[in-house]
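Naming: A, B, ... by sequence-line order, numbering from 1 per chain.
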Amino acid sequence: MAVDLDDWDRAILRVLLDDGGLGAKAVAAAVGMSQPAVWRRMRALETAGVIAGRRVTVDRAARGYGVTVVLGVKLAGRGRAGPAEFERAVLAIPEVQLVQHVLGVYDYRLRVVARDIADFERVLRRRIMTLPGVGEIESNVVLSERERPPPL
Amino acid sequence: MLDDTDRRLLRLLQADAAQTKAELAAAAGLSPAAAWRRVERLGARGVLAGRQVVLDPRALGFEVQVFLRVNLDKTAPNAFDAFIDAAWRIPHVTAIQTLLGRVDIRMDVVARDLAHYQEVYQTRILELPHIADIEALMLVAELKNSVAVPV
């Protein structure tokens with residue numbers, strides 16, 4: 001499953017991680033390679049799944065989403081709705097950005113965006129706590145965060 | 001302020017950032033030139049904050065992803081700063097959040113396999129300063145991972 005990257009691939013990925021909007025021409029100029037060669041490599045990285053997708057970020061604060069909360073969710077025990085129902089319902093909530101099935105003290109990890117704490121409470125009570133099969137929920141408000149790609 | 005057309009463009013871009021200008025314009029019911037002018041303006045105003053490529057850790061050879069929930073010994077002065085500075089020096093740590101709630105810190109760790117994770121955990125993570133308690137969740141499947149906000 002893992003793909004062998006060479007130094008050129010890594011250079012291309014670093015440029016794209018800096019600005020994902022760049023096309024083959026700009027990337028080629030940045031890494032010092034011909035445009036067709038860079039285009040072929042970008043295509044290959046996408047086909048191999050190393051570049052899994054592209055996304056835009058909308059300035060959350062400017063759109064009024066000031067609060068991010070990470071939730072740990074445990075499903076209730078026997079006789080309740082199964083994971084498939086829970087998953088279908090949770091994926092339909094627009095404020096839920098992240099859904100991960102995990103092993104450990106919780107069954108699922110969620111990330112929820114909200115306008116403020118009152119808005120989060122509304123999402124939690126009306127949408128999350130009413131999900132089929134949901135048991136225990138733990139909420140932690142994100143105060144700060146930093147992210148980076150896996151080591152290349 | 002954004003009008004309905006701006007919001008439609010943002011929704012379309014958040015749903016599929018890889019679409020061509022022509023596809024985006026057609027989906028929004030605009031001419032390509034008009035669509036692009038609006039997208040440029042959203043960028044200039046900072047509403048559209050950036051474009052990213054999303055890498056798949058598995059394709060890069062990281063089969064294991066673990067989320068650590070860490071509580072710190074808050075009696076130590078500067079526990080948060082010291083912990084975060086040291087943790088960010090571990091290249092396999094790909095995210096760190098400070099939290100308000102039952103847990104102080106969350107961090108994401110990638111590893112090639114379980115043996116490699118064990119090595120990173122024992123030789124790097126457990127050496128971090130001011131850990132009072134640590135708990136691990138292991139990723140089984142990621143069903144959704146988006147930065148989209150409702151617009």
Mind checking the [atom1]-[atom2] spacing from [X] to [Y]? Nearest 0.5 Å is all I need.
| X | Y | atom1 | atom2 | result |
| --- | --- | --- | --- | --- |
| B:Leu139 | A:His101 | CG | NE2 | 9.5 Å |
| B:Asp56 | A:Ile51 | CG | CD1 | 11.5 Å |
| B:Leu60 | A:Arg10 | CG | CZ | 10.0 Å |
| B:Met107 | A:Arg146 | CE | CZ | 11.5 Å |

Sort [X] into side chain, backbone, both or neither according to what part of it lies under 4.5 angstrom from a heavy atom of chain B.
| X | value |
| --- | --- |
| A:Leu13 | side chain |
| A:Val113 | side chain |
| A:Leu152 | side chain |
| A:Tyr65 | side chain |

Same cluster (ILVMFWY, side-chain, under 4.5 Å), [X] and [Y]:
| X | Y | answer |
| --- | --- | --- |
| B:Val64 | B:Ile125 | yes |
| A:Leu124 | A:Val134 | yes |
| A:Val141 | B:Ile84 | no |
| B:Met138 | B:Leu126 | yes |
| A:Leu103 | A:Leu110 | no |

Are any of the side-chain heavy atoms of [X] and [Y] separated by less than 4.5 Å?
| X | Y | value |
| --- | --- | --- |
| B:Val103 | A:Glu138 | yes |
| B:Leu143 | A:Val90 | no |
| A:Arg109 | B:Leu137 | yes |

Closest heavy-atom pair and its distance - [X], [Y]:
| X | Y | answer |
| --- | --- | --- |
| A:Gly49 | B:Ala59 | O-CB, 3.6 Å |
| A:Leu16 | B:Val53 | O-CG2, 3.7 Å |
| A:Pro151 | B:Val110 | CD-CG2, 4.1 Å |

Salt bridge present between A:Glu87 and B:Lys144 (N-O < 4.0 angstrom): no
For atom [atom1] of [X], is the number of surrounding heavy atoms from other residues, nucleotides or ligands below 6.0 Å larger than 12?
| X | atom1 | answer |
| --- | --- | --- |
| A:Arg60 | CZ | yes |
| A:Asp4 | CG | no |
| B:Lys74 | NZ | yes |

Checked B:Gln14, B:Arg69, B:His92 vs chain A; the most non-hydrogen pairs under 4.5 Å come from B:Arg69
I'd like to verify something: which residue of B:Leu48, B:Leu13, B:Val47 has the highest number of heavy-atom pairs under 4.5 Å with chain A? B:Val47
Count the heavy-atom pairs under 4.5 Å between each of A:Thr57, A:Leu98, A:Leu17 and chain B, then report the option with the highest count. A:Thr57
With chain B, the option among A:Val99, A:Leu22, A:Asp59 that has the most non-hydrogen atom pairs under 4.5 Å is A:Val99
When you measure from the side chain of [X] to the backbone N and O of [Y], does any donor-acceptor pair fall under 3.5 Å?
| X | Y | result |
| --- | --- | --- |
| B:Asn145 | A:Gln97 | no |
| A:Arg148 | B:Val93 | yes |
| B:Thr98 | A:Ser144 | yes |
| A:Arg55 | B:Ala15 | no |
| B:Glu142 | A:Gln100 | no |
| B:Arg106 | A:Val142 | no |

Check step by step if side chain to side chain contact (heavy atoms under 4.5 Å, CB included) holds for B:Leu10 and A:Val56. CA-CA 9 Å; B:Leu10 288 175; A:Val56 298; over 6 Å; no
Among A:Val70, A:Val69, A:Leu143, which residue meets the side chain to side chain contact (heavy atoms under 4.5 Å, CB included) test with B:Leu99? A:Val70
Can you list the steps and then say if A:Arg54 with B:Val54 is a side chain to side chain contact (heavy atoms under 4.5 Å, CB included)? CA-CA 6 Å; A:Arg54 292 164 184 276; B:Val54 181; over 6 Å; no
Honestly, the part of B:Leu42 sitting under 4.5 Å from a heavy atom of chain A is neither
Test item: side-chain donor near acceptor, A:Glu147 and B:Thr94, under 3.5 Å: no
